[in-house]
Asker: 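Quick one: the structure is below, and I'll ask about it shortly.
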Number of protein chains: 4
Amino acid sequence: MTRLVIEDNEWRLILVEGPPLRADAQRNRARILDAAEAVFAEFGTRASTEEVARRAGVAIGTVFRHFPTKEDLLVALMKRLLAQLVEEAGRHDLFGFFRHTVAQAAAKKTAVDLLAGSGLDIRLPDAVGHLEEAVGRLLEQAQAAGAVADSVRLPEVMALLAGMCQGALHGGWDEHLQTRTLAVVFAGFEHG
Amino acid sequence: MTRLVIEDNEWRLILVEGPPLRADAQRNRARILDAAEAVFAEFGTRASTEEVARRAGVAIGTVFRHFPTKEDLLVALMKRLLAQLVEEAGRHDLFGFFRHTVAQAAAKKTAVDLLAGSGLDIRLPDAVGHLEEAVGRLLEQAQAAGAVADSVRLPEVMALLAGMCQGALHGGWDEHLQTRTLAVVFAGFEHG
Amino acid sequence: MTRLVIEDNEWRLILVEGPPLRADAQRNRARILDAAEAVFAEFGTRASTEEVARRAGVAIGTVFRHFPTKEDLLVALMKRLLAQLVEEAGRHDLFGFFRHTVAQAAAKKTAVDLLAGSGLDIRLPDAVGHLEEAVGRLLEQAQAAGAVADSVRLPEVMALLAGMCQGALHGGWDEHLQTRTLAVVFAGFEHG
Amino acid sequence: MTRLVIEDNEWRLILVEGPPLRADAQRNRARILDAAEAVFAEFGTRASTEEVARRAGVAIGTVFRHFPTKEDLLVALMKRLLAQLVEEAGRHDLFGFFRHTVAQAAAKKTAVDLLAGSGLDIRLPDAVGHLEEAVGRLLEQAQAAGAVADSVRLPEVMALLAGMCQGALHGGWDEHLQTRTLAVVFAGFEHG
DNA sequence: TATGAATGAGTCTTCATTCAT
DNA sequence: GATGAATGAAGACTCATTCAT
C-alpha cells in the first residue's frame, strides 16, 4: 500500500492509495449480490437481509459492512442488473433484445421490481441512461433497416419494454403468450 | 382523503374529508374498504392495517372483524376494483377502455400492485373472469368494426392491458408518453 | 364515551371525549414507568427497553405502545421525577430540601443522569421551570429568615443542587461525606 | 480536532488537524488516546471504537492491540486525564485550581463522565490517589494562608470539586454562573 | 505488527393478530 | 359488535471483538 504523509506542527495530510477491498472481501461482495439477486427474485424485495446473508453464507454483519443499508444493497443489485442488460443489448437487434429481455423478466424479477419502484426511492440516472443509449442504437439500426416506422421514438420503446417486462413477470406469461403479445407490439413498431 | 386529527390526553378531534357514513349495516365495511384503497394507493400494500383503521375512523379490531386477515382485506379490495373495471368496460370501446384504464393506473395503484402479485397469494378467478368477458366483448366489437386484426386474441389483449398499466404506474408516464405508447399498441392491434 | 359528529356531503367532524387510557392501560403505563425507573437507576439509561418490559411484566410491544421511542420513555420518566421533586420542595425549607434531594440522588440515579444529558436530547422546560419556581420560593423564605445571604441568587442555588446531586450519585458519598459537603455549601449560602 | 476525509473506492484523503506523529514506538498508542479523548468528549463514551480508530488514522485492529477491550482504553484515557489534573494542581492555589478545573470540565467531558461511572466499572485508586494528594497540598496551603477554615477536610473538597465539574459539564453553566456558583462554594470554604 | 473483513449477540422498532373490556 | 391494549415474532441496523491476510 502506498501512503503519502505530509505534516507540520498543525496539520497532517495523509493520502492513502489502496485497493478498497481485499480479495476475500471482493468475493464476499459478489456472493452477497448473487444471494440477494436470488432471494429478492424468489421472495421480492421484502425478503429479509438476514435471508440474503444466510444464502450468501456470511453473517448478517458482513452484509451490512458491504451495504450499510438494505437500500444500498438494492441499488447495487440494480446497477449490476442494468449493466448486464446494457451488455446484452450489444448482442441483439431490437426485436431480439425485446424477446430476450421479456423472456428473462421473470428470472430477473428483482430488476423489474426495482425499476418498478417497490416503495424504495431509488434513482439510478446513470445506469438507466446507459441502457437508454444502448436501446437507442438498436432502434436506429432497426429504423435504418426499415423494420420499424420512423414515427416510433425511443421513449415509447423504453416504455413498452418496461411494460412488457412487468406484464411478463407479474402476469406469468407462458412462452406462447409472450410470443403473441410481442407480435402485437412488433406490428405496432412496424406500422407506427 | 384528507384528514386532520388533533388530540391530547383527554380529547380527540378528527376532521375527515369524504362522504358521510352510510346508515346501513354495511357502512363500516365500505368505510374500511374506502380507507384501504386510499391508504394502500398512497403507501403501497406495506402500509399498516392500523393506518387503514385510523383513516376509516374505526378501531383496529373492527377491521379484523370484517376482514380476518390483512390478505382478506386486500382480496376484498381487489374484487371491488375489478368490479369497477368491468363496469367501466361497459362504457367504452376497446381503445377508449385501454386509454381510460391506463390513465387511471396510477390512481388505482393498489389494483395494479395487487394484480402484480405483491407477495400475497391472491387468486381471484371469478372477478378476473368477469373482466376478461367484458374485454372480450369489446374486442369482438372492435374486430367486427374492422378496427382490430382478426389474428389478435383475447389473452394478448389482456396481457397488453396489464403490461401497459404497470408501465404507466411504475414508469410514471406523462400523458404524452401514454398517448405515444398506446399509439404503438393500437397500431399493433390494427395490423396484427 | 361522548361523541359528537357533524357531517355533510363533504366533511365529517368527529369530536370524541374520552379517557385516553383504559384502566388496565393506566396500570401498565405506571408499571412501565416504575420498572423503567428501577432499571435505569440500576444500569443507567443504556439499559435495554426489553429489560424494562421484563421488569414491568409486559411484552416489549406494550412498552412501545405507551412510549413510541425509548426517548419518549425517558422523557416521561423525567417528568414524573421532576414532579416528585417539586412536591417535595413544598415539604421542606431550603436546607432540608438540599439534604433530602442530595440524599436521594443515588436512588434517583435516573433523574440525575437525565438531567445530566446522557446523550439524549431531552428538553423539559416546563417541568424544570416548575422545580425552579419551587426552589425559588424556598430561597426567598430562607433569605427572609436571614439564613441565606441576599447576594445568593436562584441560578447558583439550582446549579449547586444539581452539582451536589451528581457528586453524591457518581461519587458514592456516604452520609457523613454528604453532611460535611453540604455543610460547606450551606456555609457558603449563609456568607454569600 | 478537525478532520477532513475524502474517499472513493480507490483513494482516501485524510486531513487531520493536530500535532504530527511522534516518531517513537509509542506513537500509535498516543494517537489513539488523543483520538479517544476527542471522540468520547464529542459523542460520549457510547461512541464506537471504530470511530476512535478512524479519527486516529489507524485500523480498528490496532486499537484493540493496544487496548484489548474498550474498557481498557477508557481506563488508560482516564489515567492520562487524571495525571494532567495532578500536574495542573501543581500550578495553582486551591481556588485557582477549582476555577480552572471547573472551567475545563466541559472540554474534559470524558474525564467527568468516566469519574461519573458511565456504566463501566473503572477503579483507579492510584491515579485518583495522586490527585487527592495534590489537592491535599493545595488545601493545606490555603488553610495555612487563612483562606480556608480549618474545619474543612479533604474529602469534602474533593467531593465539591467533582460535583462542581459535573454540574458545570452537564448543566452547561456559562462563565457567569460558574463564577457565582464557585463564589458560594469559596465562601463555604472560608467560613467552614 | 498493522490491517480491516467477518462475526453474531444485542438494540430499537414495527405490525399482524388476539382478546379482555 | 366495537374498542383498543397487549402480544411477540421479525426486521433493520450497531458494535465490541476476533482473526485471516
Side-chain angles (χ1 to χ4, degrees), chain A residues 1 3 16 18-29 32 46-53 56-73, chain B residues 25 28 46-54 57-73, chain C residues 1 3 16 18-29 32 46-53 56-73, chain D residues 25 28 46-54 57-73:
Chain A
M1 177 159 58
R3 192 186 252 269
V16 187
L21 293 174
R22 297 189 322 209
D24 54 345
Q26 289 278 17
R27 214 178 312 124
N28 270 346
R29 194 190 141 93
I32 290 167
R46 295 170 67 166
S48 75
T49 311
E50 182 77 42
E51 179 60 32
V52 172
V58 300
I60 182 68
T62 303
V63 176
F64 279 94
R65 159 171 278 269
H66 284 278
F67 308 98
T69 68
K70 187 177 183 179
E71 186 165 340
D72 289 332
L73 173 58
Chain B
N28 269 350
R46 295 173 70 163
S48 74
T49 312
E50 182 78 41
E51 179 61 32
V52 172
R54 198 154 32 230
V58 302
I60 182 68
T62 303
V63 175
F64 277 90
R65 161 167 291 274
H66 283 278
F67 308 96
T69 68
K70 187 179 185 179
E71 186 165 338
D72 290 331
L73 173 58
Chain C
M1 177 158 57
R3 191 189 253 268
V16 187
L21 292 174
R22 298 193 317 213
D24 53 345
Q26 289 277 18
R27 214 178 313 123
N28 270 345
R29 194 189 141 93
I32 290 167
R46 295 170 68 166
S48 77
T49 311
E50 182 77 42
E51 179 59 34
V52 172
V58 300
I60 183 68
T62 302
V63 176
F64 278 92
R65 158 170 279 267
H66 284 278
F67 309 97
T69 68
K70 187 177 185 180
E71 184 164 341
D72 289 333
L73 174 57
Chain D
N28 268 350
R46 294 173 71 163
S48 74
T49 312
E50 182 78 42
E51 179 60 32
V52 171
R54 199 155 29 233
V58 301
I60 182 69
T62 303
V63 175
F64 277 90
R65 162 168 291 273
H66 284 278
F67 308 96
T69 69
K70 187 178 184 179
E71 186 165 338
D72 290 331
L73 173 58

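Letters A, B, ... are given to chains in the order of the sequence lines, protein chains preceding strands, and every chain is numbered from 1.
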Asker: Quick one: pull up NZ in A:Lys70 and CZ in A:Arg46 and give me the separation to the nearest 0.5 Å.
Answerer: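 One finds 9.0 Å between NZ of A:Lys70 and CZ of A:Arg46.
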Asker: Over all heavy atoms of both residues, which pair between D:Val63 and D:Ala53 is shortest? Give the atoms and the distance, please.
Answerer: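 Nearest pair, atom of D:Val63 first, then D:Ala53: CG2-CB, 3.7 Å.
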Asker: Counting only side-chain nitrogens and oxygens, does B:His66 get under 4.0 Å of the OP1 or OP2 atom of F:dG1?
Answerer: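 Answer is no, no contact under 4.0 Å.
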Asker: For E:dA5 and A:Arg65 - does any side-chain N or O of the residue sit under 4.0 Å from the phosphate oxygens OP1/OP2?
Answerer: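 For A:Arg65, the contact criterion (side-chain N or O under 4.0 Å from OP1 or OP2 of E:dA5) is met.
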Asker: Report the residues that fulfil salt bridge (Lys or Arg N to Asp or Glu O under 4.0 Å) with A:Glu50, sequence neighbours left out, ordered by chain and then residue number.
Answerer: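 Salt bridge (Lys or Arg N to Asp or Glu O under 4.0 Å) check on A:Glu50 returns nothing, list empty.
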Asker: Whole-Å distance between E:dT14 C1' and C:Phe67 CZ?
Answerer: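 Value for this atom pair: 18 Å.
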Asker: Base contacts versus sugar-phosphate-only contacts with protein, heavy atoms under 4.0 Å: please encode nucleotides 12-19 of chain F as B, S and - from 5' to 3'.
Answerer: SBB-SBB-
Asker: Drop me the distance from A:Arg29's CZ to A:Arg65's CZ, to the nearest 0.5 angstrom.
Answerer: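 Going from CZ on A:Arg29 over to CZ on A:Arg65, the span is 13.0 Å.
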Asker: I need the minimum non-hydrogen distance between B:Thr49 and B:Phe64, along with the two atoms involved.
Answerer: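 Heavy-atom minimum between the residues: CG2-CE1, 3.5 Å.
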Asker: Say you draw a straight line from CD of C:Glu51 to CD1 of C:Ile60; how long is it, rounded to the nearest 0.5 Å?
Answerer: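 Here the interatomic distance stands at 10.5 Å.
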Asker: Can you give the dot-bracket line for DNA chain E, where a pair is Watson-Crick or G-U wobble with both atom distances under 3.5 Å, crossing pairs use [ ], and | marks a partner on another strand?
Answerer: .||||||||||||||||||||
Asker: Can you find a side chain N or O atom of D:Asn28 that sits less than 4.0 Å from OP1 or OP2 on E:dA2?
Answerer: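 For D:Asn28, the contact criterion (side-chain N or O under 4.0 Å from OP1 or OP2 of E:dA2) is met.
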Asker: Where is the tightest heavy-atom contact between A:Val58 and A:Asn28, given as atom of each residue plus distance?
Answerer: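 The answer is CG1-OD1, 3.7 Å.
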Asker: If you round to the nearest 0.5 Å, how far is CZ of D:Phe67 from CG of D:Leu73?
Answerer: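 Spacing of CG (D:Leu73) from CZ (D:Phe67) equals 5.5 Å.
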Asker: Compare side-chain N and O positions of B:Thr62 against OP1 and OP2 of F:dT3 and report whether any pair is under 4.0 Å apart.
Answerer: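 So the side chain of B:Thr62 is within the cut-off, an N or O lying under 4.0 Å from OP1 or OP2 of F:dT3.
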Asker: Measure CZ/A:Arg29 against C1'/E:dG4 and give the value in whole Å, please.
Answerer: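 That distance rounds to 16 Å.
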